[in-house]
Amino acid sequence: MSLTAVIQRVTIFFLLIALGVPALAGPTPTDAQRQASIEVADSLEYGHYADVTLDDAWSRRAFDRFLDVLDSQRAYLLQRDVDAFSDLRTSLDDAVTQGKLTRVYALYDRYQQRVETRLKWLLARVDDGLDFDYTSQARLALDRESAGWAGDEGALDTLWHKRLKNAALSLSLSDQSPEAVKKTLHDRYEGQLSRVSQTKPEDVLELFMAAVTGTVDPHTEYFSPRQSESFDIQMRLSLEGIGALLQTEGEYVKVASLVPGGPAAKSGVLQPADRIVGVGQGKSGEMVNVVGMRLDDVVELIRGPKGSTVRLDVIPAKAVDVTRSHVVKIVRDTVELEDQAASSEVVTVHRDDGDHRIGVIKIPTFYVDFDAWQAGEEDYRSSTRDVAKEIKKLKAQNVEGILLDLRNNGGGALQEANSLVGLFIDRGPTVQVRDARGRISLYGDTDSGVAYDGPLGVLVNRLSASASEIFAGAIQDYGRGLIIGSQTFGKGTVQTLSDLSHGQIKLTRAKFYRVSGESTQLRGVTPDITFPSLIDPQTIGESSLDNALPWDTVRAVQYRRYGHPSTYLDTLKARHRQRVEQEPNFLYLEQQASLIKKLREQQTSVSLNREQRQREMDAQEKEELALENRRRRALGLEPLAHWADARNGDTNGGGEPAPDPIDRAQVIEGSQIVLDYARLGRSH
């Protein structure tokens, strides 16, 4: 995973004590942790889908990865620290397979010392006063993953002087007074120092195991007993909170995904890749700065009883400058099956020859009430059963086609993906699963008959993953319908969770393949008709993760094609392009995606000159505001005076958040495409 994604699975600390300063003995491995290491090594070598050999070549990769997990921005350790532990480059395989973790923990202790020294250095400078000169032309690089290790403390002092200056400037530009800036930074570094001093041996094992498993693939993970409990809560979806899965990225906590039907998803105020920099309780509780805080501590702040309110200070995913955060409010709730149920509507498409009706079915996740199913209840809930009911309702309303909306559907029960395909085909295979031995199991629909045999479209995006990709791939391979939207996530691997003597391991054991023989891994499903996307594939998706398993193929299976949508693609694309060139929301989406890409490519550093920084921020907001107002004028809406109004959700001028117009525009255009497809099919 790119460090922007390792740190995904663990809480990274900004951590402990100085060389040359007397210190207490650092954390040392327990017998239980040594045994866990041995069991993880056995699992990787004998249970993983890939051919894993823990040897000297692997050691070199694991050593570099452990350094990356600890100090991805090369901001704490010195070259001589790395050299002092160079023996681990060829001995980590022995350390893991034999549970000899003493040197690993010693390396962590060295890192811990460096971090605590740096935090004390920062606190001393904050307390001395932040009398910075913001008139120089200096800039701070935003990403140092490829930088070399510093040769001495002086080089890191220079780096951290810039970092501290940038932190103070960012807060100042966010309208904090000098006193507030000083207090915020003091509290931030003091909090980090306090948390660092509480590091336990279990914390070190979690970080090291993240490096060990991350060398193999991004979805294989070790869970300590504490992490196992949190994972179980996530899987049960019984947690009372906001319904968001979080991960760490550097010193920030980032939204990894939203739980369908959860409070965050319903409110629309959070998006994947948003960064959370503060958490406040209730409508007026103190906003706690969480930059650099442990992930589990941040999660604890966000969790809370049903019905209570949490406030989050958020940097939007598309923001280039981290000074542009805003506060959102979410009422905590539990996620129930009903909240994730499929639902439908009829979209009226206006044409010269009159109005036409297209059915749209939203499927947030592939769900099944396992308890009721296992108990033998006849009326148990499932996504397939609910979709079948929605199809029946839509057919009764004489729709001319159906669009299935799988955007943001991260997957779910494999059996549901198979049975859902069966609503649209008359028996047949749906997915192939290959295990580590190369054995292929074939899954499919065994029930005869279909629920719907008319024109069909499937709307997907970058957050459509796993079971969604199996379904979309099968519909595409069978020629049963059109795939519309943006390229899907690309998760085509299968994991199992196994208990260890100390903790658990989630292990990649198999890969998915379409009936055509193509893997859904890495590449996902490519739509027949593509929509622009605001989601950056370099930060979200399988291809953004380090050591993702490769795309490959197996032999295709025999299956019957129901149609040939490709016959009509040139015509469908031409009509789609003609429409969206006149559609303000689609034009906005394309232009916004292009602008975000340009800004990210241009801004690899930030200015430490106040006036220049303000000019850069103002220029970005001016471009954003111009795009938004161009869209609003085309729709007959009043233009906004300030970009902050649009950023805070005031898209209708009345001060209240309106439904996402881009989301709706994609549903409308998807319906238009399905109608075109239906009419072309009738004419041939």
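The shown structure was predicted, so the numbers you read here are calculated from the model rather than taken from an experiment. Positions are given from 1 along the sequence.
- Here the closest non-hydrogen pair linking F85 and D81 is CD1-O, 3.3 Å.
- Counting only distance, with no hydrogens or angles, the side chain of S197 and the backbone of S194 share a donor-acceptor pair below 3.5 Å.
- Using modelled atom types, one side-chain atom of Q73 and one backbone atom of R144 make a donor-acceptor pair closer than 3.5 Å.
- Within the 3.5 Å criterion, the main-chain N or O of L77 finds a donor-acceptor partner in the side chain of D71.
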side-chain contact (heavy atoms from CB on, under 4.5 Å) between S257 and L245: does it pass, once the steps are laid out? CA-CA 5 Å; S257 62; L245 302 183; 3.5 Å; yes
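- Panel note: side chain S72, backbone V69; no donor-acceptor pair is recorded below 3.5 Å.
- Here the closest non-hydrogen pair linking P263 and G243 is CD-N, 4.1 Å.
- When the side chain to side chain donor-acceptor pair (under 3.5 Å) test is applied to R61, no partner is found at least two apart in sequence or on another chain.
- R303 has a carboxylate O that lies under 4.0 Å from a charged side-chain N of E300, or vice versa, which qualifies the two as a salt bridge.
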Starting from the C-alpha separation in whole Å, work towards a yes-or-no answer on side-chain contact (heavy atoms from CB on, under 4.5 Å) for N547 and V216. CA-CA 6 Å; N547 299 317; V216 180; over 6 Å; no
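- T493 places no side-chain N or O within donor-acceptor distance of the main-chain N or O of T508, the cut-off being under 3.5 Å.
- Looking only at distances, a side-chain donor or acceptor of D203 sits under 3.5 Å from a matching main-chain atom of K200.
- Applying the salt bridge (charged side-chain N to carboxylate O under 4.0 Å, His left out) test to every pair with at least one member in residues 86-103, sequence neighbours left out, gives these pairs: D64-R89, D87-R103.
- In this structure, Y76 has its ring center closer than 6.0 angstrom to the ring center of W160.
- By the 4.0 Å N-to-carboxylate-O rule, R195 lies too far from E190 to be salt-bridged with it.
- Contact of the S498 side chain with the Q504 side chain is not registered, since no non-hydrogen atoms from C-beta on lie closer than 4.5 Å.
- Using a 4.0 Å cut-off between a side-chain N of Lys or Arg and a carboxylate O of Asp or Glu, E542 and R462 do not qualify as a salt bridge.
- By the ring pair (Phe, Tyr, Trp, His ring centres under 6.0 Å) test, F66 is found to be paired with F208, residues two or more places apart in sequence or in another chain being considered.
- The shortest distance between side-chain heavy atoms of E179 and K183 does not fall below 4.5 Å.
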Would you sort out whether L608 and K162 count as a side-chain contact (heavy atoms from CB on, under 4.5 Å), showing the intermediate values? CA-CA 8 Å; L608 299 180; K162 283 187 173 183; 3.9 Å; yes
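- The closest side-chain donor-acceptor pair between Q614 and D618 falls under 3.5 angstrom.
- The backbone N or O of S501 sits less than 3.5 Å from a side-chain atom of E39, completing a donor-acceptor pair.
- Of all heavy-atom pairs spanning D133 and K165, the tightest one is O-NZ, 2.7 Å.
- R610 contributes no side-chain N or O that, together with a main-chain N or O of L169, makes up a donor-acceptor pair within less than 3.5 Å.
- Using a 4.5 Å cut-off on side-chain heavy atoms (C-beta onward), V279 and R311 make no contact.
- Without hydrogens or angle criteria, N609 side chain to S136 main chain gives a donor-acceptor distance under 3.5 Å.
- R275 places no side-chain N or O within donor-acceptor distance of the main-chain N or O of V253, the cut-off being under 3.5 Å.
- One finds no salt bridge joining R125 and D157 here, because no Lys/Arg side-chain nitrogen approaches an Asp/Glu carboxylate oxygen to under 4.0 Å.
- Residue Q281 holds its CD atom at 9.5 Å from CE of M287, rounded to the nearest 0.5 Å.
- In this structure, H161 has its ring center under 6.0 Å from that of F132.
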